[in-house]
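First comes the structure, then the notes that go with it.
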Amino acid sequence: MESDGEDTPPPAAARACGAGHRASHSLPTSAGGRVCLSCAAALLSSAASAPSHHVSHALAALSLALADPAFLAPLRAAHPRLLAAPLAEALAAAAARRDAALAAQASDLAADLAAAVGAPAASDLVARVARALSSGSLVKHLHTLHCLGILLNSTKDAAAYIGDKQSLYLNLVNNLRLPSDEIRGEILFVLYKLSLLNATPWDDICDNDNVDLSAIGRSLLQFSLEVLLKTQNDDVRLNCVALLLTLAKKGAFDILLLSDPSLINSAEAEDNVPLNDSLIILFADAVKGSLLSTNIEVQTGTLELIFHFLSSDANIFVLKTLIDQNVADYVFEVLRLSGNNDPLVISSIQVLSILANSEERFKEKLAIAVSTLLPVLHYVSEIPFHPVQSQVLRLVCISIVNCSGILSLSQEEQIACTLSAILRRHGNGELGMSSETFALVCSMLVDILKLPSADDIQKLPSFIVEASKHAISLTFSHEYDCLFLTPHSLLLLKEALIFCLEGNKDQILRKKVLEDSIIETCETYLLPWLESAIVDGNDEETLSGILQIFQIILSRASDNKSFKFAEMLASSSWFSLSFGFMGLFPTDHVKSAVYLVISSIVDKVLGISYGETIRDACIYLPPDPAELMYLLGQCSSEDFNLASCQCAILVILYVCSFYNERLAADNQILASVEQYILLNGAKFPHEIPGSLMLTLLVHLYAFVRGISFRFGIPHSPEAEKTLFHAMAHKEWDLLLIRVHLIALKWLFQNEELMEPLSFHLLNFCKIFCEDRIVTLSSSTQLVDIQMIAELVYSGETCISSLLVSLLSQMIKESAEDEVLSVVNVITEILVTFPCTSDQFMSCGIVDALGSIYLSLCSSRIKSVCSLLIFNILHSASAMTFTCDDDAWLALTMKLLDCFNSSLAYTSNEQEWKILIGILCLILNHSANKVLIEPAKAIILNNCLVLLMDGIVQEACAKGPSLFQHNQETTFGELLILMLLLIFFSLRSLQAILEASIDWQEFLQYSDDTESSSVLGIPCHDLCRLMHFGPSPVKLIASQCLLELLNRISDQRSCLNAELRCSAKYLKSIIAVTEGMVFDQDSRVAENCGACLTVILGWERFGSREKAVIRESKWSRLILEEFAVALTAPGLTSKSFSNQQKIAANIALSLLQLSQVPDWLTSLFSDSLISGIVANLSARNVTAEIVTLFSELMAKNYLNQEHIAGLHNLFQVCRRQAYEGGGGSKAQPSEQKAAAARCADDVRALLFGMMLEQRACSRATVEMEQQRLLREIDSFFFQESSLREQNSVK
């Protein structure tokens, strides 16, 4: 034994052993002993006769010594070969004696010796052990085989030391028939190592001319397969598979798979070459057990073996047999249980891919095992550039095509989801697939779309949306050169489009998102690519594919979507692009495709009849725009084909005009069109649908003339005359096709065309009256009401006069339907552009409408005409009425006659509601000093006054039940309208009867004086209506009361007149207004507060007013609530409410009384004012509060502390107003005036007008701010004056 450190004794001097062997053979050990090599060799050589334990002891001693550096160094230097031969003999002797332990010990020592000493010992051992195994039965040589295997595995160029390789190889093959698994496993390992070392008969053919390689190979293959078939030992399987795989790679077994080897290289070798069926079947049975092994190495090796067998020259012969022997089923099972082990997945898929070459037999297996492939597909799809990604896709693709009935909907959906995810990852910038994978993914998605069950896959449209978008974005992106992939992505997009357009209504609706996505993809990617194709000169195949997709959208998509798509293309300079395509690719195929798309666009823009003209003439149309212009200027009276081409050219030119495209210069287009008219006008159109093409020619000529007029381009009067003659004598229809506004404007500017145009305009009115939705639809873009309204608004056409003329003519002819149509059109124009009322009035529409009420027209006609009158009054400017006062007076009298003769307020007719609205608007205009006489006729109309009085008295008699009569009831609606009439009459009275009206008449009971001869309501009746009426009645009545009180106050101030009403009367008005200061409707409360303020201002006129005001108790309650609100926490976070503003005004009025109430003095105590000042902030200071404090300061309610605090506060307010004034100014909004379409609209508009006039009497935001600044300045001035007075004192 070797000792540690310095205690190790020095080696003893060499001396001979006891047997007298040479001293040099005695090698030292680290423990101080010696080993005699000669003695050991002698003992090992005589192992056959020596006692086993002696030999075993010697082997053990040598094993220990080999591990000792002291022994190993001299052995390696002086005696490297000395122990090899004896050790080989000892191994042979142990084998012969069947001493397994001794053989194992010798085998291990041989391996150790070869490893420790190196090539000299190893070569000798290899040679001797191989010689021992080259003949005879190897049944006893388990450990000898094991030893040779180790030596071959560890020794470099070990095969070179084997003397007779052929004998060794043949003997090893023959002994494969031995029944022992252990021996066969060792033999197989040795054969495997020999194969790796190129020591097989197939590696040295030249030296083995007399050897039957076929026989050796057949035996080896058969014996090996039998071993593989019978064994259950994974080590044996592993060795066997390794051997067969190595030899398969050498092609050693290819020739053995044929029954007639001579056919391999013969010209007769076809798919029908006979197989050596027994070997193939044996191979199939043998690999099954290994495929089911739990050892992954065995499974992987077996799969590789199958793969190389199938990849050999004989694979076409082996393939079908292996499938028939169910090898594919075993491979699928391996794949199913693989747990996504990558080597297993790769090997399994490689085998299945080759088996798939036999489609007829393999698809049956695939149908059963397709569920196994789906998890694998998901696995490989998530790994970029996975080695078998494309192969898995191909297998799944086969299953989709051949096993569509086997796949469930969920499986099909799962496949689509995975394929979409692959493209999504690639589309996001991950280069995770090859071009082959991309092509397969697109192809598989196309196959899924073609499945009979595709419509039943719920999520398929969403997957296709994602997949198609990413596929197109990848192939048409400028970042990658993927033009070779574009056919695949375009095919996917095309099939997806066909898929979403097929099926029943519900299915198509469910696929709407997919259709929208495809159209969006075309707009986002394909159209820009086409635009770049003109510059880059890309391939024709891609262009044709894109045009085909566009054609499908235009021809098969829903009307709305196809129209929008056509509009999008046409708006993208499509016609210029199209002729660029035909110039870039001058082929008939491209020309046909381009003109087909153009014709489909025309179908959507103009109609199918016009697109058909392009399709009919497609083969004759040239690809050059200059040639088109030339053809258009030719005479086609005798040439139908030329006439067809000219019609198509006219259609193309006309459609281009809508999208600001020009195929030639404007003057050239005009010249060609005029030349066409001059040469073909006599027989135009030649065998073409006349009205269609003449209509188009009229519109095209009008458009070109409208453009040429702008730029001063000369025209041909003769051509114009020829066309005008055709328009007057031939059939055409202005409303037939889409028309450009420029063309329509030019037509209605020509007086020569008034007669035919009036006919078409009347037709338009009829169509509009029948179906407003169609004519107002922007999708058709025919002559619609918007165009007509814009032309009337421009004031540059005669449409307004034509409409008025038509109205007068139809009224004279008593054509009620036509009258209704024309009136509806005029009304719609007024709704669109209210300012056009002035034009219609200047054309005499008032006289025309006045004749309605003299004729025996139906109530429906009268209602419609009355509504038109109302809208004219509502939107016309005041200046327009100055010239038509007589006409309006006559009309007003007719309306009053109708009103007095037909109105029963209990009826529910629409006509009387509109009539009241008209009277209201006439009165409203009279306030601006126009329509004075018509307004007088209304105000002084006795019947109307009596009717008004009756309605008001009935309303007042209802008492509290009046609240139930809102605008939804007949009586409530009538009452509201009549109150509105009263409101406008009060404003009108001031303007037209200012000198003769006594406003205090409205402050008396009706039984105290004679009934009023003018239209109006006494104050006490207004108070009753305010108290009992519903919310709208309260608001209008309070507004009327405020109007009356202001007029009375102004008149008393002017005339210094005494109050003629009783104190009781005045108290009742005060009581009602005070009680409604707290009304929920802030507008009513504000009106009542203003009324109360006006009455408080009357205190200066006389003692009666003073006594009444002094007795009021509600004012105290109002101001106490006001004081609480001003001192409440949180005031600084919000501005004053309307009620607080009202209370501030009331407080101001009370402070300005000649005798301030005592309770008011006690209310505004120092503590209250201090609390208010402390609670105020710059954000909630208003002009009312500043005015109130100014008055309090003037009345000495404020001390110096209050004044100083308010001074600082108002300084902050003023600074903020100046700093933020520029941004806070409200810009005047120019809103389009509303118009009435029914009686309910009339009431709503009148109500809105009343509110607008009420708002106009109040300050705007900007005015309010200016008023606040003025009040602050006034406060400072007053403060300064007070300070000066105090200093003088």
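- Aromatic rings of H146 and F189 (six-membered ring for Trp) have centroids beyond the 6.0 Å cut-off, not under it.
- The shortest side-chain heavy-atom distance between Y330 and T302 does not fall under the 4.5 Å cut-off.
- Applying the side chain to side chain contact (heavy atoms under 4.5 Å, CB included) test between R184 and each of L228, V227, L138 identifies V227 as the sole match.
- Contact of the L194 side chain with the L172 side chain is registered, since non-hydrogen atoms from C-beta on lie closer than 4.5 Å.
- Under a cut-off of 6.0 angstrom, the local environment of CD in E382 is crowded, with over 12 non-hydrogen atoms contributed by other residues, nucleotides or ligands.
- You'll find the side chain of E186 stays beyond 4.5 Å of the side chain of H143, heavy atoms only.
- Within the structure, side chain to side chain donor-acceptor pair (under 3.5 Å) contacts touching residues 121-134 (residues at least two apart or in different chains) are D124-R128.
- When every heavy atom of A114 is checked against every heavy atom of L151, the shortest pair comes out as CB-CD2, 3.4 Å.
- Looking at N357, its side chain does come within 3.5 Å of a backbone N or O of I354 through a donor-acceptor pair.
- For the pair S347 and L303, the tightest heavy-atom approach, listed with the atom from each and the gap, is CB-CB, 3.5 Å.
- The backbone N or O of A94 sits nowhere less than 3.5 Å from a side-chain atom of R97 that would complete a donor-acceptor pair.
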After noting the C-alpha distance and the side-chain angles of V327 and I306, does the key distance pass the side-chain contact (heavy atoms from CB on, under 4.5 Å) rule? CA-CA 9 Å; V327 172; I306 298 172; 4.1 Å; yes
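- Looking only at distances, a side-chain donor or acceptor of S195 sits under 3.5 Å from a matching main-chain atom of L191.
- With hydrogens and angles disregarded, a donor-acceptor distance shorter than 3.5 Å links the side chain of S338 to the backbone of L335.
- Counting only distance, with no hydrogens or angles, the side chain of S107 and the backbone of A104 share no donor-acceptor pair below 3.5 Å.
- Between D285 and L229, the shortest heavy-atom contact is O-CD1, 3.4 Å.
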Using side-chain hydrogen bond (donor to acceptor under 3.5 Å, both in side chains), reason through T437 and S434 one step at a time and then give a plain yes or no. CA-CA 5 Å; T437 298; S434 62; 3.1 Å; yes
One pair to check against side-chain hydrogen bond (donor to acceptor under 3.5 Å, both in side chains): N326 and K288. What are the steps and the verdict? CA-CA 9 Å; N326 301 320; K288 292 176 183 177; over 6 Å; no
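- The number of heavy atoms from other shown groups lying within 6.0 Å of CD (E333) is above 12.
- Remark: the backbone N or O of G185 is paired with a side-chain donor or acceptor of N239 at under 3.5 angstrom.
- Using a 4.5 Å heavy-atom cutoff, the side chains of L395 and L377 are not in contact.
- Annotation for F223 and V173: closest pair CD1-O, 3.2 Å, computed over non-hydrogen atoms.
- Checked by atom type and distance alone, the side chain of Q299 pairs as donor or acceptor with a backbone atom of S293 at under 3.5 Å.
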Using side-chain hydrogen bond (donor to acceptor under 3.5 Å, both in side chains), reason through N171 and N175 one step at a time and then give a plain yes or no. CA-CA 6 Å; N171 194 47; N175 278 276; 3.1 Å; yes
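- Side-chain N or O atoms of D157 include none that pairs as donor or acceptor with a backbone N or O of A160 at under 3.5 Å.
- When all heavy atoms of L225 and L279 are compared, the closest pair comes out as CD1-O, 4.0 Å.
- Summarising the geometry of L87 relative to A110, their closest heavy-atom pair is CD2-CA, 3.2 Å, with the distance given to 0.1 Å.
- Using the six-membered ring where Trp is involved, F283 and F309 have ring planes that are parallel, under 30° apart on the 30 and 60° scheme.
- Side-chain contact annotation: S56 with Q105, donor-acceptor N/O pair under 3.5 Å present.
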Which is it for S381 and Q389 under the side-chain hydrogen bond (donor to acceptor under 3.5 Å, both in side chains) test, yes or no, and what are the steps along the way? CA-CA 7 Å; S381 68; Q389 191 177 71; over 6 Å; no
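- Between I162 and L152, some side-chain heavy-atom pair lies under the 4.5 Å cut-off.
- When side chains are defined from C-beta on, L102 counts as touching L59, because their heavy atoms get closer than 4.5 Å.
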Evaluation steps, salt bridge (charged side-chain N to carboxylate O under 4.0 Å, His left out), between R394 and E436: CA-CA 10 Å; R394 190 173 290 107; E436 181 184 9; 2.3 Å; yes
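- Side chain of Q325 to backbone of A284: no donor-acceptor contact under 3.5 angstrom is found.
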Residues D329, I368; criterion side-chain contact (heavy atoms from CB on, under 4.5 Å); working and verdict: CA-CA 9 Å; D329 296 338; I368 300 173; 5.8 Å; no
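- Counting non-hydrogen atoms of other residues, nucleotides and ligands closer than 6.0 Å to NE2 of H79 gives a total above 12.
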